[in-house]
Amino acid sequence: MPKTLPISKQLASVKVFGKASDLEMATATAALVFYNSAGPDGKLSKAAAKDLLLTQFQIFTRGQETKPKYKEIFADLEVEKENKMDLEDFMVLVISLTVMSEVIQDIRNTQTSK
């Protein structure tokens, strides 16, 4: 698929996603964002992964800069920047940044306000 095609159209082109759950759609969206930025080998350099996280995951990374785990994650992306990572490695970073984000509390609060 061309990388210029919007994610929603890419998802719509996969028939099974017509019946997908919210979690399945979220996961597929994350995978497509990764693969749209990855090279022909299906991998991303650490430098590209860092850029992707800083540009596409700003709400979750904003305000986390002083946290040790955040520093560790981004310091690792600075070492051997040309080294490549696959989708699994990238998703671990996304989940790590998600669970340490203060946005999680806001998300949780939407459940308690029902």
Side-chain angles (χ1 to χ4, degrees):
M1 269 183 239
K3 293 183 179 190
T4 57
L5 197 60
I7 296 285
S8 59
K9 293 206 186 253
Q10 291 179 47
L11 287 170
S13 71
V14 181
K15 289 183 183 182
V16 71
F17 289 124
K19 297 178 183 181
S21 69
D22 291 342
L23 182 58
E24 290 166 330
M25 291 298 284
T27 303
T29 299
L32 280 170
V33 168
F34 174 86
Y35 286 124
N36 284 345
S37 297
D41 61 354
K43 295 185 177 188
L44 246 144
S45 70
K46 285 183 173 184
K50 178 182 176 184
D51 184 56
L52 187 59
L53 289 169
L54 291 174
T55 59
Q56 293 284 318
F57 214 56
Q58 292 177 29
I59 291 173
F60 285 92
T61 58
R62 190 177 304 125
Q64 307 305 312
E65 297 86 355
T66 60
K67 291 184 177 179
K69 184 66 176 174
Y70 178 95
K71 288 180 181 181
E72 179 185 327
I73 288 169
F74 281 92
D76 182 58
L77 293 174
E78 286 293 322
V79 177
E80 299 174 352
K81 294 180 189 183
E82 69 284 347
N83 280 5
K84 302 241 177 166
M85 65 172 46
D86 59 17
L87 177 63
E88 180 180 355
D89 295 331
F90 183 77
M91 292 299 281
V92 168
L93 294 180
V94 169
I95 296 302
S96 295
L97 291 167
T98 300
V99 297
M100 73 180 185
S101 172
E102 293 163 8
V103 175
I104 286 298
Q105 188 58 48
D106 293 337
I107 293 168
R108 289 188 72 200
N109 289 341
T110 65
Q111 298 303 303
T112 58
S113 63
K114 285 184 179 179

Please indicate whether Asp22 has more than 12 foreign heavy atoms, meaning atoms of other residues, nucleotides or ligands, lying under 6.0 Å from its CG.
no
Where is the tightest heavy-atom contact between Val103 and Ile59, given as atom of each residue plus distance?
CG2-O, 3.3 Å
Identify, with sequence neighbours excluded, every residue that meets side-chain hydrogen bond (donor to acceptor under 3.5 Å, both in side chains) alongside Glu24.
Ser21
Could you tell me if the side chain of Asn36 sits less than 4.5 Å from the side chain of Ile7, heavy atoms only?
yes
Rounded at 0.5 Å granularity, tell me how far CD in Glu88 sits from CG in Leu93.
11.0 Å
In chain order, what residues pass the side-chain hydrogen bond (donor to acceptor under 3.5 Å, both in side chains) check against Asn83, with sequence neighbours excluded?
Glu80
Contact list for residues 86-108, test ring-ring contact (aromatic ring centres under 6.0 Å, His included), sequence neighbours left out
Phe34-Phe90
Main-chain N/O of Leu97 paired to Ser101 side chain as donor or acceptor, under 3.5 Å:
no
Side chains of Phe57 and Thr98, heavy atoms from C-beta outward: is any pair under 4.5 Å?
yes
Give every residue pair that meets the salt bridge (Lys or Arg N to Asp or Glu O under 4.0 Å) criterion with at least one member in residues 41-52, sequence neighbours excluded.
Asp41-Lys84, Lys46-Asp76, Lys50-Glu78
Using side-chain contact (heavy atoms from CB on, under 4.5 Å) as the criterion, list what pairs up with Ile95, not counting sequence neighbours.
Val99
With a 4.5 Å limit on heavy-atom distance, are the side chains of Leu44 and Leu87 in contact?
no
Heavy atoms of Gln10 and Leu5 approach each other most closely as NE2-O, 2.6 Å
List the residues meeting salt bridge (Lys or Arg N to Asp or Glu O under 4.0 Å) with Lys69, not counting sequence neighbours, and say none if there are none.
Glu72
How close do Ala28 and Leu11 get, heavy atom to heavy atom, and via which atoms?
CB-CD2, 3.6 Å
Not counting sequence neighbours, which residues clear side-chain contact (heavy atoms from CB on, under 4.5 Å) with Gln58? List them please.
Arg62
So if you build clusters from Ile, Leu, Val, Met, Phe, Trp, Tyr with side-chain heavy-atom gaps below 4.5 Å, do Val94 and Ile107 land together?
yes
Shortest non-hydrogen separation from Ser37 to Leu52 and the atoms involved
OG-CD1, 3.6 Å
Taking only residues two or more places apart in sequence or in another chain, which ones pass side-chain contact (heavy atoms from CB on, under 4.5 Å) with Ala47?
Ser45, Lys81
Counterpart residues, side-chain contact (heavy atoms from CB on, under 4.5 Å), relative to Val92 (two or more places apart)
Ser96
Which heavy atom of Leu77 sits nearest a heavy atom of Ala49, and at what distance?
CD2-CB, 4.3 Å
The reported gap from CG in Asp86 to CE in Met91 (rounded to nearest 0.5 angstrom) is 11.5 Å
For Glu102, check salt bridge (Lys or Arg N to Asp or Glu O under 4.0 Å) against everything at least two apart and list the hits.
none
Which residue pairs satisfy the ring-ring contact (aromatic ring centres under 6.0 Å, His included) criterion with at least one member in residues 36-55, sequence neighbours excluded?
none
Pairs flagged by ring-ring contact (aromatic ring centres under 6.0 Å, His included) wherever residues 65-86 is involved - sequence neighbours left out
Tyr70-Phe74
